[in-house]
Amino acid sequence: MKKLIVLLFLGSLCIRAVHSQHNRVEIDDKKMEWFHEAKLGIFIHWGIYAVHGVSESWSFFNNYMSHEDYMKQLDGFTAKNYNPAYWADLIAQSGAKYVVLTSRHHDGVALWDSKMGGCNVVQNTPAKKDLIAPLADAVRKKGIKFGLYYSLPDWSYNDYNVYTRDIRRYDIQKDTVRWNKFLKYMKGQLHELSVNYNPDLFWFDGDWEHNAKEWTSADIRKQLLAYNPATIINSRLNEYGDYATPEQGVPIARPASKYWELCMTINDSWGYQPHDNQYKSANQILRIFVDCITAGGNLLLDIGPKEDGTIDSRQVEVLTVLGQWIKTHQEAVYGIQAGLPDGYFYGKTALSMDKKTLYLYLDNIPAGEVSVKGLESNIKNVRLLRNNKTLAYKTKGNNTYIHVDKNDYDPNVSVIAIDFEQALQLY
Ligand code: GLC
């Protein structure tokens with residue numbers, strides 16, 4: 001028994017260590033305000049991998065094809081129908097408040113004309129132009145924040161130590177000259193990104209290949225913040241980020257970190273893969289979106305444009321449905337905080353900042369009236385956000401029963417707003 005207690009105690013310490021691991025830095029709440037309020041972001045994986053529709057960078061890393069064949073896609077990357085104003089419209093209509101574009105994935109192909117070396121679309125593809133600046137301008141005109149994804153590893157760069165899953169070019173402990181050359185290249189590229197586009201957010205990836213000391217993560221953070229102290233940095237700079245980035249799986253419980261974002265693909269691929277038909281429906285994505293925002297996080301939903309810059313209609317459709325839903329449910333999306341503790345309602349909930357409105361999110365149609373327990377405060381009004389109808393309700397004992405006409409339920413997620421005379425008190 002004693003052993004078990006000691007083990008449980010040690011276990012709880014480990015869990016705490018893991019939760020706090022993503023954060024060795026002081027988080028500036030003021031800086032995080034727009035991010036916390038944004039709720040939806042659009043992730044864009046655009047690169048030469050869209051030419052043959054293969055998995056971004058991983059296809060040569062995992063030996064599905066040779067590096068040489070992978071890089072031949074450079075010749076087919078045209079961006080000839082790239083219309084950043086259309087992308088910005090689509091993103092604005094989806095309700096998203098920020099964008100994160102892959103400035104350079106693990107394959108090392110930069111979307112701008114880097115002077116630091118490596119490979120880029122301006123010098124090495126028929127696209128022949130900077131693809132970042134026009135999107136940054138177009139989205140910012142619409143009041144949307146602009147973020148850049150940047151992979152720490154560059155598997156194509158000759159002085160980076162990792163090449164494929166089986167090939168290491170050298171040992172960084174032994175060949176510090178080569179490693180430092182790589183660091184200079186990487187930090188130089190990051191400086192270019194700061195100066196050229198002044199991103200509101202840097203979205204790092206690939207930190208698993210080295211530790212913070214090896215990447216010099218603390219210095220990287222310092223460099224970016226020296227240029228713009230308001231830049232937000234995700235958690236994949238080892239422990240030097242501002243917020244946590246779970247990937248693909250919705251957290252079951254409210255995450256411990258104050259700020260977080262779930263990044264997720266629409267089908268199973270980050271980049272454009274035409275044979276991947278595993279699309280999530282708009283309904284599934286909307287329900288995941290509600291999971292995220294009611295647990296205090298954001299959803300960063302990915303799209304993968306084709307090599308010419310057009311976007312698959314199935315991706316457009318999902319963004320459109322999301323936007324329509326967000327538009328009619330705005331008050332239950334922005335300016336919300338954690339809702340009811342467990343046991344009061346079978347479903348997701350949130351409260352307005354003044355706690356005078358409670359939102360119930362229903363992704364099922366209940367067997368009878370909607371029931372919520374333990375509301376002590378006087379109810380002023382009950383509304384269905386979808387059509388703004390006032391709903392009839394009755395209180396019996398500890399239960400409030402709300403009547404919704406079956407035909408009024410939203411096909412995706414219905415939201416009921418309960419307004420109180422004063423800040424909500426619970427039984
Ligand atoms: C993973 C993958 C990468 C993708 C990223 C997006 O880290 O390695 O290909 O870009 O997730 O979150």
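When a ligand or atom number is given, it counts from 1 through the structure's own listing order. These numbers come from the heavy atoms of this one structure, side chains and all, not from hydrogens, waters or symmetry mates.
- Note that Arg104 lies in the cation-pi zone of Tyr150, set by a 6.0 Å cut-off to the ring centre and a 45° limit from the axis.
- In the displayed structure, Gln248 atom CD is contacted under 6.0 Å by more than 12 heavy atoms of other residues, nucleotides or ligands.
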Could you list, one pair per line, each nitrogen or oxygen of ligand 1 together with any protein nitrogen or oxygen closer than 3.5 Å, giving atom names and the distance rounded to 0.1 Å?
{"residue": "ligand 1", "atom": "7 (O)", "partner": "Asp205", "partner atom": "OD1", "Å": "3.0"}
{"residue": "ligand 1", "atom": "7 (O)", "partner": "Asp205", "partner atom": "OD2", "Å": "3.1"}
{"residue": "ligand 1", "atom": "8 (O)", "partner": "Trp58", "partner atom": "NE1", "Å": "2.9"}
{"residue": "ligand 1", "atom": "8 (O)", "partner": "His106", "partner atom": "NE2", "Å": "3.3"}
{"residue": "ligand 1", "atom": "9 (O)", "partner": "Glu56", "partner atom": "OE2", "Å": "2.8"}
{"residue": "ligand 1", "atom": "9 (O)", "partner": "Trp58", "partner atom": "NE1", "Å": "3.0"}
{"residue": "ligand 1", "atom": "9 (O)", "partner": "His105", "partner atom": "NE2", "Å": "3.1"}
{"residue": "ligand 1", "atom": "10 (O)", "partner": "His45", "partner atom": "NE2", "Å": "2.6"}
{"residue": "ligand 1", "atom": "10 (O)", "partner": "His105", "partner atom": "NE2", "Å": "2.8"}
{"residue": "ligand 1", "atom": "11 (O)", "partner": "Glu247", "partner atom": "OE1", "Å": "3.1"}
{"residue": "ligand 1", "atom": "11 (O)", "partner": "Glu247", "partner atom": "OE2", "Å": "3.1"}
{"residue": "ligand 1", "atom": "12 (O)", "partner": "Arg236", "partner atom": "NH1", "Å": "3.4"}
{"residue": "ligand 1", "atom": "12 (O)", "partner": "Glu247", "partner atom": "OE1", "Å": "3.3"}

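- When Tyr70, Tyr272, Trp46, Tyr49 are each tested for a ring-ring contact (aromatic ring centres under 6.0 Å, His included) with Phe77, only one passes: Trp46.
- Between Tyr149 and Phe43, the angle of the ring planes lies from 30° to 60°, which puts this pair in the tilted group.
- The only option from Arg24, Lys258, Lys31 that meets the salt bridge (Lys or Arg N to Asp or Glu O under 4.0 Å) definition with Asp242 turns out to be Lys31.
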Please walk me through it: do Asp89 and Lys142 pass salt bridge (Lys or Arg N to Asp or Glu O under 4.0 Å)? CA-CA 8 Å; Asp89 274 346; Lys142 294 189 173 286; 2.8 Å; yes
